[in-house]
Amino acid sequence: LARAPSIQLFLTQQRPSILIIIEPRITDNSNIPTVPFYQPVYIPHANNHPYGGLVIYFHTSIIYQQHIHTTPLPSCTLNTATTTTVFHIASPVLPRPFILVPLYMSCHATVSDWYDMLRFLSSAQSLFSPGYDIPTLVIGDLNARDPHWDANFTPHHANNSGACLNTFI
């Protein structure tokens with residue numbers, strides 16, 4: 001988190017309920033800056049891959065619970081930097097709770113990884129409330145750099161993510 005002062009300033013001035021930092025490039029949680037009224041949660045990549053990982057700042061007004069069996073994602077290729085987890089989010093100011101899935105999908109993810117991720121996402125809702133309809137928000141970096149999304153983009157390396165995402169949507 002080379003931009004720790006910027007993160008601290010942003011959280012202090014803008015006061016978002018949740019801030020998700022993708023690929024923080026840290027190796028342990030001792031490098032995560034603290035900010036009053038925020039609880040940081042560090043989600044390392046399963047194999048401590050230099051890329052991947054997540055840092056999520058929750059404002060103290062947010063009630064959250066992380067599903068511990070989703071870190072690491074059991075079915076994705078561990079040699080890629082793909083990282084995700086699942087949180088149940090609630091707050092007195094929300095009309096109802098929701099499921100939050102912060103996600104970093106590696107540009108080296110295989111087609112099999114994409115299918116595994118979709119199966120995982122379709123089951124995320126039932127991790128906290130089986131049988132109940134609860135909104136699910138998936139947010140993050142899917143590395144969808146692909147001509148399907150931007151006709152001006154010329155791939156500089158093999159990246160199936162954009163094509164896979166285009167197929168799944």
Side-chain angles (χ1 to χ4, degrees), residues 1-3 7 16-29 31-32 39-58 62 64-89 97-169:
L1 288 173
R3 299 183 181 203
I7 293 167
S17 298
I18 301 171
L19 174 67
I20 301 169
I21 301 171
I22 309 266
E23 289 187 288
R25 306 284 308 262
I26 59 174
T27 55
D28 63 63
N29 60 2
N31 297 322
I32 300 172
Q39 174 66 45
V41 177
Y42 174 49
I43 311 298
H45 179 269
N47 286 348
N48 291 320
H49 196 285
Y51 297 95
L54 307 163
V55 173
I56 301 107
Y57 283 90
F58 291 100
I62 299 295
Y64 67 91
Q65 177 187 2
Q66 182 182 1
H67 193 277
I68 58 170
H69 297 298
T70 60
T71 307
L73 183 65
S75 53
C76 274
T77 309
L78 288 177
N79 64 346
T80 71
T82 297
T83 311
T84 192
T85 192
V86 178
F87 291 95
H88 182 272
I89 305 293
F98 68 95
I99 301 295
L100 174 66
V101 183
L103 168 63
Y104 172 72
M105 197 71 174
S106 171
C107 62
H108 301 292
T110 66
V111 172
S112 176
D113 289 340
W114 277 90
Y115 279 108
D116 290 342
M117 182 60 66
L118 286 176
R119 273 192 297 279
F120 168 74
L121 293 175
S122 67
S123 68
Q125 189 179 78
S126 65
L127 294 173
F128 290 100
S129 54
Y132 293 99
D133 182 28
I134 186 167
T136 302
L137 175 62
V138 179
I139 190 164
D141 180 355
L142 301 180
N143 272 301
R145 291 180 232 109
D146 189 273
H148 286 104
W149 303 99
D150 181 357
N152 297 320
F153 176 74
T154 304
H156 60 278
H157 63 282
N159 180 351
N160 296 323
S161 298
C164 289
L165 185 59
N166 190 57
T167 301
F168 294 124
I169 292 180

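Quantities reported herein were computed from a predicted structural model and do not represent experimental measurements. Positions are given from 1 along the sequence.
From Ser106, atom OG reaches atom CG of Leu142 across 11.5 Å, with rounding to the nearest 0.5 Å. A distance of 9.0 Å separates OG1 of Thr84 from CD1 of Ile43, quoted to the nearest 0.5 Å. If you take CD1 on Ile62 and CZ on Phe87, they are separated by 12.0 Å, rounding to the nearest 0.5 Å. Going from atom OG1 of Thr82 over to atom CH2 of Trp114 covers 8.5 Å, rounded to the nearest 0.5 Å. Here the OG1-CE distance, from Thr110 to Met117, works out to 10.5 Å after rounding to the nearest 0.5 Å. Put simply, CG on Leu100 and CD on Gln66 are 10.5 Å apart, with the number rounded to the nearest 0.5 Å.
Listed by chain and number, the residues in a side chain to side chain contact (heavy atoms under 4.5 Å, CB included) with Thr136 are Ile99, Val101, Gln125, Val138 (sequence neighbours excluded). Scanning for ring pair (Phe, Tyr, Trp, His ring centres under 6.0 Å) contacts around Phe98 gives an empty result, with sequence neighbours left out.
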Applying side chain to side chain contact (heavy atoms under 4.5 Å, CB included), run through Val41 and Thr85 and close with a yes or a no. CA-CA 11 Å; Val41 177; Thr85 192; over 6 Å; no

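Taking each heavy atom of Ile56 and Pro102 in turn, the nearest pair found is CD1-CG, 4.1 Å. Here the closest non-hydrogen pair linking Pro40 and Ile32 is CB-CG2, 3.6 Å. Taking all atoms of both residues into account, the shortest heavy-atom contact from Pro97 to Pro135 is O-CD, 3.6 Å. Across all non-hydrogen atoms, the minimal contact from Tyr42 to Val55 is CD1-CG2, 3.9 Å. Residue Gly53 comes nearest to Pro24 through the heavy atom pair O-CD, 3.3 Å, listed as atom of the first residue, atom of the second, then distance.
Between Tyr64 and Phe58, the two ring planes are parallel [angle under 30°; tilted spans 30° to 60°].
Crowding of Leu137 atom CG: a count of heavy atoms from other residues, nucleotides or ligands under 6.0 Å exceeding 12.
In this structure, the side chain of Asp116 does not engage the main chain of Asp113 through any donor-acceptor pair within 3.5 Å.
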